[in-house]
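Since this is a predicted model, take the numbers as computed values, not measurements. For the single chain, residues carry numbers from 1 onward in sequence order.
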Amino acid sequence: MKHVREQFIAAPIHVTGYVDGAFAAADGADIPVTDPATGKQVAILHESDADTVDRAVRAARRAITSGPWAGASVAARQKALIAVHDAILENADELAALETLNTGIPYSQTRNIHIPRAAHNFKFFAEFINQDGGEVFTQEPGYMSLVTYEPIGVTALIGPWNMPLGLTAMKMAGALAFGNSCVVKPSELTPLTLYRLFEIIDRKGIFPKGVVNLVNGNGAVTGNALSAHPDIDMVSFTGGTETGARILSALAKGIKGGAMELGGKSASIVFDDADFDRALDGALLGSFMNNGQMCLAGSRLFVHESFADRFLEAFTRRVKALKVGDPFDPATEIGPMINRAQMDRVIRYAESGLGEGATLLAGGRAHDGLKDGFFIEPTAMLATSNALSICQDEIFAPFATIQTFRDEDDVVARANDSRFGLVGYLWTQNLERALRVAAGIKTGTVLINTPIMRDLRTGFGGIRQSGIGREGAKGSRAMFTEMKSTIIALEAPKMPKLGAGA
Ligand code: NDP
């Protein structure tokens, strides 16, 4: 699959938007798209300006007010979703190669995990809408009350660069399953796989015109024009906390809602009764998968002091042994950071950690042997306090911090001492402890004895600055529908007759 790199470097493709069933003209500002493993340009993104965004939103509005998608049957929506699922799998090799080329995430992970998961979202929601219905209440004599879920309308779906297709596919699948139209905006850094998916969808004629639209460009220009557009009905956003806050304030002006999947700094607590090897494997995967660029990374480790020395020694040895290299090399475990700014930021965090009294166990600097791309050495630091910036800020990189603890209440308090609240990881073989601590952890999800697991039947999302809303099954339904109550009297209501004494 390495040939994809040569092919794109030799002839960078032109990425535009897709509006009302046609690719937009390449007329916006040119933004270079880079392969983070080589620093070379692989595509030219032509920014969608406010006018293109406006046309996309108007096309999405038309698609749900007239035409075949307006009130489309469950069967019609399922057929379209399954067609997207099949199309992703048919093109999985190429989509995985593009994802790796654009993000630097090892091909072994994009091909085996991210692309199949992107496809799975469409199948999952196709099946979910077949089972899902409203509710009927008959307990009140003389009345029947119905709860139905209606499409919310035009959805704006804005995604990040760390898992561009997988995370945005989840939004698209949910929004479309519940009968909405969408305008998708990928990160300007990583537009390639969504652009290719739209090409495939267009070629196969899966959706009526205007149901799915794509706008590409910088967050401040294209993203802002989309999230502030008066005719969108909601934004489903995955990205950083500051951007999420900006989008929420734009939405507040129109009294509209937004689903926000934001940052995290998740604690991973290894108790003294944990299965040592399983916890060690899980802690490594939870911190270093996806180049460590995961919102749900469990990279703030707490290890019980009774075996901290042994754990630290084994963890450090494995971090130093992580294979950093070309993400297309099957042996590579860690690829490059997304860009130079992110690489420099990671190194600054290692320096600030040292300045604040943490001990460097591994890494903390740019990779000596790989100077073309944005490679850093996988990093682990022993932290003296949870207050250090390396324990409080989301570094979004292959960077783990370790603290030791003695007491259960103390470690729960420290785990909760964070402005984020996405995931809590617990490693223990004691069922009572697992459930007791899980109840005390202030996060949207708790994972017990497993790293980075997501289950679409449950909801995923965060509390505090990790976000608002849950993605998956009923969480996505809440996000992408309006709940409507219809109350019907089955006989003359037993109510006072006003004015009847006249
Ligand atoms: P950003 O917040 O920088 O960007 C996310 C998206 O928002 C991009 O498409 C960006 O465009 C766009 N954007 C930027 N400014 C605006 C604006 N004013 N209006 C509308 N859109 C805008 O996040 P990153 O791409 O850097 O992603 C990393 C972050 O995402 C991390 O904090 C991570 O934790 C979080 N994340 C959360 C997940 C979750 O499920 N909770 C999952 C994965 C990641 P552009 O890039 O073109 O500027």
Side-chain angles (χ1 to χ4, degrees), residues 103-106 108-109 113 162-163 263-271 274-304 308 311-324 327 332-338 342-343 345-347 349-350 353 358-365 367 375-383 386 388-405 411 414-415 418 420 422-427 443 445-454 466:
T103 61
I105 297 161
S108 56
Q109 295 174 24
I113 303 168
N162 63 316
M163 231 178 266
K265 187 72 180 181
S266 298
S268 184
I269 307 174
V270 186
F271 287 98
D275 175 329
F276 184 91
D277 291 335
R278 186 161 158 188
L280 179 64
D281 289 345
L284 284 153
L285 203 68
S287 304
F288 295 102
M289 259 285 278
N290 213 56
N291 299 344
Q293 297 169 155
M294 295 178 289
C295 58
L296 76 172
S299 55
R300 188 166 53 107
L301 289 157
F302 294 90
V303 179
H304 194 268
F311 192 95
L312 278 173
E313 186 279 318
F315 190 82
T316 305
R317 189 163 31 83
R318 299 257 304 257
V319 172
K320 286 183 174 165
L322 283 166
K323 175 124 180 33
V324 183
T332 292
E333 294 171 302
I334 306 278
M337 298 292 86
I338 189 70
Q342 176 67 356
M343 178 175 119
R345 185 171 162 270
V346 177
I347 295 164
Y349 267 110
T359 306
L360 190 63
L361 301 171
R365 52 190 189 146
H367 197 287
F375 293 90
I376 60 153
E377 290 182 357
T379 301
M381 297 193 90
L382 181 63
N386 192 53
L388 303 191
S389 57
I390 54 170
C391 299
Q392 289 294 322
D393 296 351
E394 182 184 42
I395 303 176
F396 219 56
F399 193 128
T401 64
I402 305 181
Q403 300 170 59
T404 58
F405 73 95
V411 77
R414 278 197 270 160
S418 168
F420 299 109
L422 198 55
V423 181
Y425 296 86
L426 310 180
W427 303 91
T443 55
T445 299
V446 176
L447 296 177
I448 299 172
N449 293 328
T450 179
I452 53 176
M453 180 63 195
R454 287 184 74 162
S466 289

Determine, stepwise, if the pair Leu296 / Arg454 fulfils side chain to side chain contact (heavy atoms under 4.5 Å, CB included). CA-CA 10 Å; Leu296 76 172; Arg454 287 184 74 162; 4.1 Å; yes
Hey, mind stepping through Thr443 and Thr445 against side chain to side chain contact (heavy atoms under 4.5 Å, CB included) and telling me if it holds? CA-CA 5 Å; Thr443 55; Thr445 299; 5.5 Å; no
Go through Leu312 and Val303 one step at a time and tell me if the side chain to side chain contact (heavy atoms under 4.5 Å, CB included) criterion holds. CA-CA 9 Å; Leu312 278 173; Val303 179; over 6 Å; no
For Val270 and Phe276, run side chain to side chain contact (heavy atoms under 4.5 Å, CB included): C-alpha distance rounded to whole Å, both residues' side-chain angles, the deciding distance at 0.1 Å, then the answer. CA-CA 8 Å; Val270 186; Phe276 184 91; over 6 Å; no
I would like to know whether Phe405 and Phe271 meet ring-ring contact (aromatic ring centres under 6.0 Å, His included); could you show each step before the answer? CA-CA 9 Å; Phe405 73 95; Phe271 287 98; 5.6 Å; yes
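Under a 3.5 Å cut-off, the side chain of Ser466 and the backbone N or O of Gly263 do form a donor-acceptor pair. Counting only distance, with no hydrogens or angles, the side chain of Glu394 and the backbone of Ser266 share no donor-acceptor pair below 3.5 Å. Put simply, the side chain of Gln293 never gets that close to the backbone of Asn162: no donor and acceptor are under 3.5 Å apart. Side-chain atoms of Arg345 come within 3.5 Å of backbone N or O of Ile395 as a donor-acceptor pair. In terms of modelled atom types and a separation under 3.5 Å, the side chain of Gln403 and the main chain of Asn386 share a donor-acceptor contact. One N or O on the side chain of Thr379 and one on the backbone of Gly364 form a donor-acceptor pair closer than 3.5 Å. Using a distance-only test at 3.5 Å, with no hydrogens or angles considered, no donor-acceptor pair links the side chain of Gln342 to the main chain of Ala397.
Side-chain contact between Met289 and Ile113 is present, with at least one heavy-atom pair separated by less than 4.5 Å. No side-chain heavy atom of Ile334 sits less than 4.5 Å from a side-chain heavy atom of Glu377. The closest side-chain heavy-atom distance from Leu361 to Val319 is not below 4.5 Å. At a threshold of 4.5 Å between non-hydrogen side-chain atoms, the residues Ile452 and Tyr425 count as touching. Contact of the Phe396 side chain with the Met337 side chain is not registered, since no non-hydrogen atoms from C-beta on lie closer than 4.5 Å.
In terms of heavy atoms, Tyr349 sits closest to Ile390 at O-CG2, 3.3 Å. In terms of heavy-atom proximity, Asn291 sits nearest to Gly335 at OD1-N, 2.7 Å. Closest of all the heavy-atom pairs between Ala279 and Trp427 is CA-CE3, 3.6 Å. Pairing each heavy atom of Gly104 with each of Pro327, the nearest pair is O-CB, 3.4 Å. Between Arg300 and Ser418, the shortest heavy-atom contact is NH2-CB, 3.7 Å. A pairwise comparison of heavy atoms in Val324 and Ile376 identifies CG1-O, 4.1 Å as the closest pair.
The structure places CD1 of Ile105 at 13.5 Å from OG1 of Thr332, a figure rounded to the nearest 0.5 Å. One distance of note links CG of Leu301 with OG of Ser287; it measures 5.0 Å at 0.5 Å rounding. Atom-to-atom distance recorded for Arg317:CZ and Leu280:CG is 8.0 Å, nearest 0.5 angstrom. Separation of atoms OG1 (Thr103) and CE (Met163) is listed at 9.5 Å; rounding is to 0.5 Å. Distance CG/Leu322 to CZ/Phe288: 6.0 Å, rounded to 0.5 Å. If you take CG on Asn449 and CZ on Arg278, they are separated by 4.5 Å, rounding to the nearest 0.5 Å.
At a threshold of 4.0 Å, the pair Lys323-Glu333 does not count as salt-bridged, since none of the basic side-chain nitrogens sits closer than that to a carboxylate oxygen.
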